[in-house]
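See structure below.
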Amino acid sequence: MTQIQIDRSLKFTIFRKKTHTDQYLHFNSNHHMSQKLGIPKTLNRRADMLVTDDNEQEKEKNNVERAIKRI
């Protein structure tokens, strides 16, 4: 999601629909190990590259960690 700040700079965050369930590939599934390990890596990389605010970036990483632990 993009927001315009008071100083006219842009603030980027991760957008999720209201119906997003935070369900990802289960680690015990019969998928290749690289696919299973790539999910948290990709989600954290997305937070690093897209989110501009440090506080929002930390929230996003905590959200990723919580979603992965729930599996």
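Keep in mind that this is a model prediction, so the values were computed, not measured. Any value given below was found using the heavy atoms of this structure, including those in side chains, with hydrogens, waters and symmetry copies removed.
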Counting only heavy atoms not in [X], do more than 12 fall under 6.0 Å of its [atom1]?
| X | atom1 | value |
| --- | --- | --- |
| Lys36 | NZ | yes |
| Ile4 | CD1 | no |
| Asp7 | CG | yes |
| His32 | NE2 | no |

### Short N-O contact, Arg16 and Glu60, less than 4.0 angstrom
yes

### Message
Check Glu58 with Lys61, please: is the shortest side-chain N to carboxylate O separation under 4.0 Å?
### Response
no

### Query
side chain to side chain contact (heavy atoms under 4.5 Å, CB included) between Ile39 and Lys41: does it pass, once the steps are laid out?
CA-CA 5 Å; Ile39 293 170; Lys41 181 180 175 182; over 6 Å; no

Could you tell me the separation between the [atom1] atom of [X] and the [atom2] atom of [Y], rounded to the nearest 0.5 Å?
| X | Y | atom1 | atom2 | answer |
| --- | --- | --- | --- | --- |
| Leu25 | Gln23 | CG | CD | 11.5 Å |
| Leu43 | Ile68 | CG | CD1 | 6.0 Å |
| Gln57 | Thr13 | CD | OG1 | 12.0 Å |
| Gln3 | Asp53 | CD | CG | 9.5 Å |
| Thr52 | Phe12 | OG1 | CZ | 7.0 Å |

### Task
Check Ser29 against His26 and note the closest heavy-atom contact, atom names and distance.
OG-O, 2.8 Å

### Task
Kindly indicate, with the supporting measurements, whether the criterion side chain to side chain contact (heavy atoms under 4.5 Å, CB included) is fulfilled by Met1 and Ile14.
CA-CA 6 Å; Met1 179 183 294; Ile14 304 294; over 6 Å; no

#### Entry: Ser9 side chain to Gln5 backbone, donor-acceptor under 3.5 Å
no

### Task
Please lay out, stage by stage, how Phe27 and Leu37 fare under the test side chain to side chain contact (heavy atoms under 4.5 Å, CB included).
CA-CA 9 Å; Phe27 199 76; Leu37 295 176; 4.1 Å; yes

### Task
Begin from the C-alpha positions of Phe15 and Thr2 and carry the test side chain to side chain contact (heavy atoms under 4.5 Å, CB included) through to its verdict.
CA-CA 9 Å; Phe15 175 76; Thr2 306; over 6 Å; no

